Protein chains: 2
Amino acid sequence: MNARVGGLELGGTKTVVAIGTAEGIIMEEFRYPTTSPGETLTIAIDWLRQRGPIAKIGIASFGPIRLHRHACDFGTLLRTPKTAWQGFSLAKFFREQLPETFLCIDTDVNAALLGELQCGAARGMRNVIYLTVGTGIGAGVFCEGNLVCGTLHPEFGHLYIPRHQDDSFVGVCPFHRDCLEGLASGPAMEKRWGLAGNQLPLEHAAWEMEAWYLAQGIYSACTLLMPEIILLGGGVSQKEGLLEQVTASLDELGNGYFESYVNRLRRPALGQQAGIIGALLLCR
Amino acid sequence: MNARVGGLELGGTKTVVAIGTAEGIIMEEFRYPTTSPGETLTIAIDWLRQRGPIAKIGIASFGPIRLHRHACDFGTLLRTPKTAWQGFSLAKFFREQLPETFLCIDTDVNAALLGELQCGAARGMRNVIYLTVGTGIGAGVFCEGNLVCGTLHPEFGHLYIPRHQDDSFVGVCPFHRDCLEGLASGPAMEKRWGLAGNQLPLEHAAWEMEAWYLAQGIYSACTLLMPEIILLGGGVSQKEGLLEQVTASLDELGNGYFESYVNRLRRPALGQQAGIIGALLLCR
């Protein structure tokens, strides 16, 4: 029998805690809204304690967060617009609350990508980008068989892209204004058009523009990494028809110089479960 | 005594052939202009033959070129504006001409990066980007300890970046017009300003714009890979003061969200020798 491990997916709006195996099998899970650090994590700890001891816990967290195990601020949330979480140390909290439990921490997108690599749409591949588009925009990167961390971890939402010719919106990123996240995240769409993405009808011009911006970001990443596939996850990107629009924009941008993106831009196979499955897989 | 190997750096304008060791020590080298495939490579083969048998040859070639050893078009130059080379198979040519010699092929930029990693400015690092700016713009990528190949190899010159507010130049890329290479390569500068880069004085507005464009490209790459350092190589980038201008632009773009680029954007230590040293190192 496989040993039980814990998993925690810490998102900007929702948190998922689970018990399962390091092979990504979920035995039981609990979803609830993310609030303050103390409240959010105490709920998770109490839920886990009620289910008995675990040797390891995999934490898939929003970023930016220090991932280098031997850094003095390992597991600490860095400069983020979520001010209540800025400077909060997940590592310190869990080491105090669950001193017998080994911590495995990565970003939420890297964990979701890991889920797709082990159990989903990217099985057996060596070069994959997982893009999530929702409250923020982030990327997990698997490059020549390794999850990319670098000096921090990808912060791909903050790259700059050309402006769409019909767009004069100022952008919502507090640091960069009109970076990709500033122009194409869920909050950017809502502020530009006065309606949330899920309320904007399919035929609204918003979707052509959104597809064009996402294509710019994906295209930039591909010129550098040449992945086999790109997975488009997150709330905004689940809009019907968007994936096909982004694919068409990508092929226009490439103009025949690059291989077509048809069938290379795909949806995650694990959907909303990718993050928590990935959190369990971090324990391997 | 170390075994002798051959090295070939095949550039758009010049070619370098050398005899040395797989540790990157050059014993003898010969530089000459790149012309047609047959003429250029026959000069290299004759020069090598006169120096006795070699067990291996490392070839550092301009791209795009197929690098996957087991692909049927391994070592073949793909769609390129250099039409005489398009479809030419380096692997077939060398296997016919030097049938006893093992071929190791990579891009010129990956080889230059390898040189810097083993013997130059990037020793001991795990995440490094080498950007070359000259006739074209290309990148070599070392990510979590591996040279990045992906489905082809980086084609970083072709990403799109925002336009500089004072720039109405149409761009020179035959495929994408105003991608990074189309706006910031040597030929782009010359066509925009009517003078080659080395004739444009230091105080000319061209350099502020060039620095800004290069910063946009580097910044995009860094949001994805978070490298420890970025090496800026190639003819254009050797202009006095340009590295400092690019660094300043990078810090403006990051706006405090990212670690400063001061001392992270560097010059290659091996200069013009990086490519041929890297070609020898490919034989390891």
Side-chain angles (χ1 to χ4, degrees), chain A residues 64 67 78-81 125-129 137-163 173-181 215-217 219-229 252-259 264, chain B residues 64 67 78-81 125-129 137-163 173-181 215-217 219-229 252-259 264:
Chain A
L67 297 178
L78 306 175
R79 180 182 285 214
T80 161
M125 296 188 186
R126 278 179 64 81
N127 292 282
V128 179
I129 295 171
I137 294 184
V141 179
F142 194 63
C143 178
E144 304 297 342
N146 292 288
L147 282 176
V148 173
C149 174
T151 57
L152 181 63
H153 49 67
E155 277 284 347
F156 191 59
H158 297 285
L159 98 159
Y160 295 96
I161 43 163
R163 249 181 197 277
C173 175
F175 296 102
H176 309 111
R177 217 177 54 182
D178 59 353
C179 59
L180 181 62
E181 183 168 299
Q216 286 283 354
Y219 180 86
S220 294
C222 290
T223 62
L224 197 61
L225 293 177
M226 297 281 170
E228 292 152 84
I229 62 165
E252 270 176 45
L253 293 175
N255 195 28
Y257 189 79
F258 294 104
E259 195 187 338
R264 292 206 298 138
Chain B
L67 297 178
L78 306 174
R79 181 181 284 214
T80 162
M125 297 188 184
R126 277 178 63 81
N127 292 281
V128 179
I129 295 172
I137 294 184
V141 179
F142 194 64
C143 178
E144 304 297 342
N146 292 289
L147 282 175
V148 173
C149 173
T151 58
L152 181 63
H153 48 69
E155 277 284 347
F156 191 58
H158 297 285
L159 99 160
Y160 295 96
I161 43 163
R163 248 181 197 279
C173 174
F175 297 101
H176 310 110
R177 217 176 52 181
D178 59 354
C179 59
L180 181 62
E181 182 168 300
Q216 286 283 355
Y219 181 86
S220 294
C222 291
T223 61
L224 197 62
L225 292 177
M226 297 281 170
E228 291 151 86
I229 62 165
E252 270 176 44
L253 293 175
N255 195 27
Y257 188 78
F258 293 104
E259 195 187 337
R264 291 207 297 137

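Numbered from 1 within each chain, the chains take letters A, B, ... in sequence-line order. Since we're looking at a predicted model, the values are computed, not measured. Excluded from the calculations below are hydrogen atoms, water molecules and symmetry mates; all remaining heavy atoms, backbone and side chain alike, are included.
- For A/Leu152, the parts sitting under 4.5 Å from any heavy atom of chain B are the backbone and the side chain alike.
- Classification of the A/Tyr257-B/His176 ring pair by plane angle, with boundaries at 30° and 60°, yields perpendicular.
- The distance from the CZ atom of B/Phe156 to the CD1 atom of B/Ile137 is 9.0 Å, given to the nearest 0.5 Å.
- Heavy atoms closer than 4.5 Å to chain A are found in both the backbone and the side chain of B/Cys149.
- Between chain B and the options A/Ile129, A/Leu159, A/Asn146, A/Leu78, heavy-atom pairs under 4.5 Å are most frequent for A/Leu159.
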What do the steps show when you test A/His153 against A/Val148 for side-chain contact (heavy atoms from CB on, under 4.5 Å), and what is the final call?
-> CA-CA 7 Å; A/His153 49 67; A/Val148 173; over 6 Å; no
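- For the set B/Leu147, B/Asn127, B/Val141, B/Thr151, the count of heavy-atom pairs under 4.5 angstrom toward chain A peaks at B/Thr151.
- For A/Tyr160 against A/Cys179, the heavy-atom pair with the smallest separation is CD2-CA, 4.1 Å.
- Chosen from A/Asn255, A/Leu253, A/Leu224, the residue pairing most often with chain B at heavy-atom distances under 4.5 Å is A/Leu224.
- In this structure, the portion of B/Tyr219 lying under 4.5 Å from any heavy atom of chain A is its side chain and not its backbone.
- Rounding to the nearest 0.5 angstrom, the gap separating the CE atom in B/Met226 from the CD atom in B/Glu259 is 9.5 Å.
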Evaluate the criterion side-chain contact (heavy atoms from CB on, under 4.5 Å) for residue pair A/Met125 and A/Phe142; output intermediate values, then yes/no.
-> CA-CA 9 Å; A/Met125 296 188 186; A/Phe142 194 63; 5.8 Å; no
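- Using a 4.5 Å cut-off between heavy atoms, B/Leu225 touches chain A through backbone and side chain atoms alike.
- Neither the backbone nor the side chain of B/Leu180 comes within less than 4.5 Å of any heavy atom in chain A.
- The distance from the CD1 atom of B/Ile161 to the CD atom of B/Glu181 is 11.5 Å, given to the nearest 0.5 Å.
- Between chain B and the options A/Glu155, A/Glu228, A/Arg163, the largest number of non-hydrogen pairs under 4.5 Å is found for A/Glu155.
- The residue among A/Arg79, A/His158, A/Arg126 with the most heavy atom pairs within less than 4.5 Å of chain B is A/His158.
- Residue with the most contacts toward chain A among B/Gly254, B/Gly157, B/Ala139: B/Gly254 (heavy-atom pairs, distance under 4.5 Å).
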